[in-house]
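Structure first, then comments.
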Amino acid sequence: MIKSISFFSSCSRVSLSATKTSLSKMMTQRMGYTTQALPTYPKFEGNFLIVGWGTVARASLPLILRHFGVTPKNITVVTADEAGKEVALKEGITHIVKPLTTENSRSVLYPLLKQGDLLLNLSVDVSSVELAKLALDKGCLYMDTCVEPAEGGYTTGTLGDRTNYAQREKAIALRSKYPKGSPTALFAHGINPGLISSILKQALLNIASETNLPYNTPTNRTQWAELMHRLGVRVIHIAERDTQVTKYPKKPNQFFNTWSVEGFISEGVFQPAELGWGTHEREFPADGARQTNGLGAAIYLSRPGAATKVRTWTPIEQHFHGFLVTHNESVSIAEYFSVYEGSKCVFRPTVHYAYHPCDAAVQSVHEILGKDSEKQKELRVVMDEVVDGHDELGVLVMGHKKGAYWYGSVLDVHEARRLAPYNNATSLQVASGVLAGLVHCVENPREGVIEAEELNHVRALEVAKPYLGRMVGEYTDWTPVKNYNEQLFTRPVDLSDPWQFKNFRVF
């Protein structure tokens, strides 16, 4: 039984009414931006209906109020419980407590929307597909940060049913009903999944320039895939290391995390590990399984992501072990960057998340797995308790002429708090992706059903960068077998090709 879900927020450091002028001053003083370098943001004439009022919703509120020309009266929140109500009351937005189900979501939400509004779905255990259909039928824009199933979708059915591949297939199937010209519905756009796909595109251009590969900036899926293929990319990690630490240690029967605890438990404990499967791979995992529908760009393993470790690398942490947690971008990136000759796929990268959460979350994962996936009594998103640390999140692109290249965001908690209230480093990175996605929807309102890879990466990064801290690009000669020492212990390796999945996996 879950006793409580706690959320501690920094709510007084930056006013939500901060103007673009004051934001410019902050950027100039703290991040080296000039006033001229700050992007412009579109004015939104409709209302925002936010479903869910957890970490990401509260983290995104300051950015929505600051950049879209809306006032609190233009924002309504519908959520399942009273958590965070004090924030909504303080900021003057309408807060409605009404748990949503497949049976009641249309009757509850439809009267709250009018044509031209935007439904921002940041909930858990509410069907993303059903909410998207509701919004589009009403003539509204739609966006979420994860393709969520209805309640029970992560714990019932087969392993294949519980994958993000299966959820994504349901979402993109809506393209037939809502083609180009329909209101825009952007699925899965936080930072990862979401903005990380724009970060990857920029990383590819950086590598091409720095390896003297002649190219024209791609303008469509085929050209982006061909560029990646020409670069010789084999593997892409969404490599993340969160070093944020709390004032007080985690106690037994607590789950600490720097973002949604329920979200992390769902993807890390209840869903199987999942990865885009590259054409260069020689050996299929013994515990792996293929999908039987769609384009088959991803596979899954018969074990939870939080119990599956891989070797990876980031600039500050250097090499470490991360969790191979399932994420939508592992599937969508692998599929988007595939090269075909006729109906045959001749190139596809291996793509997966390699995640080391904050140390308290690692302890929490160890505890919940040891209890056979029984949730702790207290689930806590840590905000004010965080006293130091940063989150480095980016793409580790491997196999090209220069070996491996990491490109991404490094944001420390102190900078995050100066930039926006209700945030730590991790939540603000996610909120920056929400901001970029919302900007795209408002500026491109008739695109039908789309995914992160279809966005203009230049514009997406432009509007998100003020909240990403330092954007870092660094090459490394690291490989997963670089420090292999068979005199200590042997493990399954393929020394003839360092970029084989078996070399990354921690057995």
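None of the values given here were measured: they were computed from a predicted structure.
Within 6.0 Å of atom NZ in K309, 12 or fewer heavy atoms from other residues, nucleotides or ligands are found, so the atom counts as exposed in its surroundings. More than 12 heavy atoms of other residues, nucleotides or ligands sit less than 6.0 Å from atom CD of Q318. In the displayed structure, H319 atom NE2 is contacted under 6.0 Å by at most 12 heavy atoms of other residues, nucleotides or ligands. At most 12 heavy atoms of other shown residues, nucleotides or ligands fall within 6.0 angstrom of atom NZ in K401. Atom CG of N216 has 12 or fewer heavy atoms from other residues, nucleotides or ligands within 6.0 Å.
To the nearest 0.5 Å, atom CD of residue E329 and atom CD1 of residue I196 are 7.0 Å apart. One distance of note links CD of E281 with CG of L275; it measures 8.0 Å at 0.5 Å rounding. Rounding to the nearest 0.5 Å places CG of L118 at 9.5 Å from OG1 of T184. Atom CG of L227 sits about 9.0 Å away from atom OG1 of T217, to the nearest 0.5 Å. Here the CG-OG1 distance, from N206 to T211, works out to 10.5 Å after rounding to the nearest 0.5 Å. The CG atom of L195 sits 5.5 Å away from the CG atom of L461 when rounded to the nearest 0.5 Å.
Proximity of Q500 to H280: side-chain heavy atoms (C-beta onward) are separated by under 4.5 Å at one or more points. Contact annotation: the side chain of I75 never approaches that of N47 to less than 4.5 Å [non-hydrogen atoms, C-beta and beyond].
Under the rule for a side-chain contact (heavy atoms from CB on, under 4.5 Å), the partners of C146 that lie at least two apart in sequence or sit in another chain are E148, Y154. For F68, the ring pair (Phe, Tyr, Trp, His ring centres under 6.0 Å) criterion is met by F48, not counting sequence neighbours. Annotation: ring pair (Phe, Tyr, Trp, His ring centres under 6.0 Å) contacts of W277 (sequence neighbours excluded): F284, F501. Under the side-chain hydrogen bond (donor to acceptor under 3.5 Å, both in side chains) criterion, E45 pairs with no residue at all, not counting sequence neighbours. F323 meets the ring pair (Phe, Tyr, Trp, His ring centres under 6.0 Å) test with no other residue; sequence neighbours excluded. Judged as a ring pair (Phe, Tyr, Trp, His ring centres under 6.0 Å), and not counting sequence neighbours, the contacts of Y405 are Y475. Among residues two or more places apart in sequence or in another chain, the side-chain hydrogen bond (donor to acceptor under 3.5 Å, both in side chains) test is passed with H352 by H237. For H400, there are no side-chain hydrogen bond (donor to acceptor under 3.5 Å, both in side chains) partners at least two apart in sequence or on another chain. Residues forming a side-chain hydrogen bond (donor to acceptor under 3.5 Å, both in side chains) with R168 (at least two apart in sequence, or on another chain): E335, E451.
Evaluated for a side chain to side chain contact (heavy atoms under 4.5 Å, CB included) with V434, the options V439, L63, L120, D144 yield exactly one hit, L120. Put simply, the residue from T279, D497, T350 that forms a side chain to side chain donor-acceptor pair (under 3.5 Å) with R234 is D497.
Every pair passing ring-ring contact (aromatic ring centres under 6.0 Å, His included) that includes a residue from residues 161-201 is listed here, sequence neighbours excluded: Y142-F187. Every pair passing side-chain hydrogen bond (donor to acceptor under 3.5 Å, both in side chains) that includes a residue from residues 425-441 is listed here, sequence neighbours excluded: D242-T426, Q244-T426, T258-T426, D391-T426, S409-Q429, N423-S427, N424-S427, H440-N444, H440-E447. Within the structure, side-chain hydrogen bond (donor to acceptor under 3.5 Å, both in side chains) pairs that include any residue of residues 285-297 comprise T163-Q291, D287-R505 (at least two apart or interchain).
For K502 and E283, the salt-bridge test passes: some basic side-chain N is under 4.0 Å from an acidic carboxylate O. At a threshold of 4.0 Å, the pair D477-K402 does not count as salt-bridged, since none of the basic side-chain nitrogens sits closer than that to a carboxylate oxygen. Taking the charged nitrogens against the carboxylate oxygens, E453 and K201 have no contact shorter than 4.0 Å, which rules out a salt bridge. Salt-bridge check for R459 with E462: passed, with a basic side-chain N closer than 4.0 Å to an acidic carboxylate O.
The two atoms that bring T326 and P272 nearest to each other are CB-O, 3.5 Å, heavy atoms only.
Relative ring orientation between W224 and F337 is described as perpendicular, the plane-to-plane angle rising above 60° on a 0-90° scale split at 30° and 60°. Between F347 and H229, the ring planes lie parallel to each other; the angle is under 30°, not in the 30° to 60° tilted range.
The ring of W313 has its center no closer than 6.0 angstrom to the ring center of F320.
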Next item on the list: Please assess H356 against E317 for the test side chain to side chain contact (heavy atoms under 4.5 Å, CB included), listing each intermediate value before the final yes or no.
Entry: CA-CA 10 Å; H356 192 307; E317 183 70 19; 6.0 Å; no
Notebook entry, point to check: Can you check salt bridge (charged side-chain N to carboxylate O under 4.0 Å, His left out) on E341 and K344, steps first, answer last?
Noted result: CA-CA 5 Å; E341 291 181 358; K344 181 182 179 181; over 6 Å; no
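Counted by atom type alone, E240 and Y353 present one or more donor-acceptor pairs between their side chains at under 3.5 Å.
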